[in-house]
Amino acid sequence: MKKISVSDITKLAHINRGTFYLHYVDKYALLDHYENHLIDQIQDYFTNDFEGTMTYQSVKENGVYTYPVVQKTVGFIHQEFALWQVLLGLNGDPRFELKLKRIMKQAISNGLDRVKGDISVTRCIPEDYAWELIISGMFTIIKTWLREDDPQNPEAIADIMMKTRFFKPI
């Protein structure tokens, strides 16, 4: 973001600087606007579409059922793919990713509390490490998808995300 100017943005958008400043104070206000739009939508999914998650799945008998919140979230990322590529890319905004991780952890914590009355994830390793493994694992899948030259479809990514919650890759 440091390397791009308002002039660069207005040239790419084919608008004049005056029009830009009618809507945004500076380029950081533009960034905040788009980040907040994405965060609000993700927050909505995690608040309203979390039912049916955190349920026991007999993977060996029935395969993996993809939670609606995962389908909707991945579908939304697909709709705004280029924006997500920029915001979660190498030159993206690290604050944005941290906000999303907090939202995800809170949603999962709420789901665990609802299902089992406890937000702990495991007794095998320290909680901080377990949470980092869960949250960062999900983000790594999304960020890998965003970097692909020929990205897989959203259904495949949602399926991968769900399988990683139940299967060990080794």
Side-chain angles (χ1 to χ4, degrees), residues 1-6 8-16 19-55 57 63-111 114 131-167:
M1 193 68 180
K2 292 178 185 176
K3 295 181 181 180
I4 193 166
S5 68
V6 170
D8 296 330
I9 295 168
T10 58
K11 284 177 189 171
L12 285 169
H14 304 291
I15 61 172
N16 64 45
T19 301
F20 177 88
Y21 286 114
L22 280 174
H23 299 279
Y24 306 104
V25 174
D26 56 21
K27 63 185 182 180
Y28 298 103
L30 172 69
L31 178 66
D32 285 344
H33 170 80
Y34 281 98
E35 286 181 353
N36 289 336
H37 164 70
L38 298 178
I39 286 171
D40 288 347
Q41 188 60 57
I42 295 295
Q43 183 78 55
D44 183 60
Y45 290 149
F46 284 7
T47 302
N48 299 316
D49 296 307
F50 222 73
E51 286 298 315
T53 62
M54 307 296 194
T55 57
Q57 294 190 39
V64 175
Y65 162 74
T66 302
Y67 298 147
V69 69
V70 174
Q71 290 174 330
K72 287 185 177 185
T73 301
V74 173
F76 176 63
I77 292 169
H78 184 257
Q79 289 172 358
E80 303 281 357
F81 202 79
L83 183 57
W84 285 96
Q85 284 178 310
V86 170
L87 295 175
L88 291 178
L90 295 175
N91 296 316
D93 181 4
R95 297 172 309 128
F96 177 65
E97 185 172 338
L98 287 174
K99 287 177 192 176
L100 289 170
K101 284 182 173 182
R102 276 190 232 117
I103 291 167
M104 183 181 284
K105 182 179 179 184
Q106 185 62 51
I108 294 169
S109 295
N110 291 344
R114 178 177 43 82
W131 277 112
E132 188 62 31
L133 182 64
I134 292 165
I135 304 300
S136 292
M138 301 295 262
F139 270 83
T140 298
I141 292 166
I142 294 296
K143 289 166 81 173
T144 300
W145 180 39
L146 293 171
R147 286 192 311 264
E148 290 180 337
D149 291 332
D150 184 21
Q152 296 193 47
N153 65 53
E155 294 78 19
I157 297 304
D159 186 55
I160 291 167
M161 291 180 85
M162 289 304 299
K163 286 178 179 173
T164 64
R165 301 304 92 195
F166 295 99
F167 299 133

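What's counted below: heavy atoms across the whole structure, side chains too, no hydrogens, waters or symmetry copies.
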Rounded to the nearest 0.5 Å, how far apart are [atom1] of [X] and [atom2] of [Y]?
X: Met162; Y: Ile160; atom1: CE; atom2: CD1; value: 13.0 Å
X: Leu98; Y: Ile135; atom1: CG; atom2: CD1; value: 12.0 Å
X: Thr47; Y: Ile42; atom1: OG1; atom2: CD1; value: 11.0 Å
X: Ile39; Y: Phe96; atom1: CD1; atom2: CZ; value: 5.0 Å
X: Leu38; Y: Trp84; atom1: CG; atom2: CH2; value: 5.0 Å
X: Ile157; Y: Ile77; atom1: CD1; atom2: CD1; value: 10.0 Å

Using the ring of each side chain (for Trp, its six-membered ring), is His78 parallel, tilted or perpendicular to Trp145, with breaks at 30° and 60°?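 Rings of His78 and Trp145: parallel, as their planes differ by under 30°.
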Hey, are the side chains of [X] and [Y] touching, using non-hydrogen atoms and a 4.5 Å cut-off?
X: Met161; Y: Thr73; value: no
X: Lys99; Y: Arg102; value: yes
X: Phe139; Y: Leu100; value: yes
X: Tyr24; Y: Val6; value: no
X: Lys101; Y: Met138; value: no
X: Leu31; Y: Leu87; value: yes

Please report the shortest heavy-atom distance between [X] and [Y], naming the atom on each side.
X: Thr66; Y: Gln71; result: CG2-CG, 3.5 Å
X: Lys143; Y: Leu88; result: CE-O, 3.5 Å
X: Val74; Y: Pro154; result: CG1-O, 3.3 Å
X: Phe46; Y: Met104; result: CE2-CA, 3.5 Å
X: Thr19; Y: Asn16; result: N-OD1, 2.7 Å

Gln85 side-chain N/O to Leu146 backbone N/O, donor-acceptor pair under 3.5 Å: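 Yes; at least one donor-acceptor contact below 3.5 Å.
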Applying side-chain contact (heavy atoms from CB on, under 4.5 Å) to His23 and Leu30, what does each step give before you reach the verdict? CA-CA 8 Å; His23 299 279; Leu30 172 69; over 6 Å; no
For Lys3 and Asn91, what are the C-alpha separation, side-chain angles and deciding distance, and is it a side-chain contact (heavy atoms from CB on, under 4.5 Å)? CA-CA 10 Å; Lys3 295 181 181 180; Asn91 296 316; 5.8 Å; no
Full working for side-chain contact (heavy atoms from CB on, under 4.5 Å) between Arg147 and Thr144: CA-CA 5 Å; Arg147 286 192 311 264; Thr144 300; 3.5 Å; yes
Which pairs pass salt bridge (charged side-chain N to carboxylate O under 4.0 Å, His left out) with one or both residues in residues 67-84, sequence neighbours excluded?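 Of all non-adjacent pairs touching residues 67-84, those that pass salt bridge (charged side-chain N to carboxylate O under 4.0 Å, His left out) are Asp49-Lys72.
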Scan residues 25-44 for pairs that pass salt bridge (charged side-chain N to carboxylate O under 4.0 Å, His left out), counting only residues two or more places apart or in two chains.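 Residue pairs with at least one partner in residues 25-44: Asp32-Arg95.
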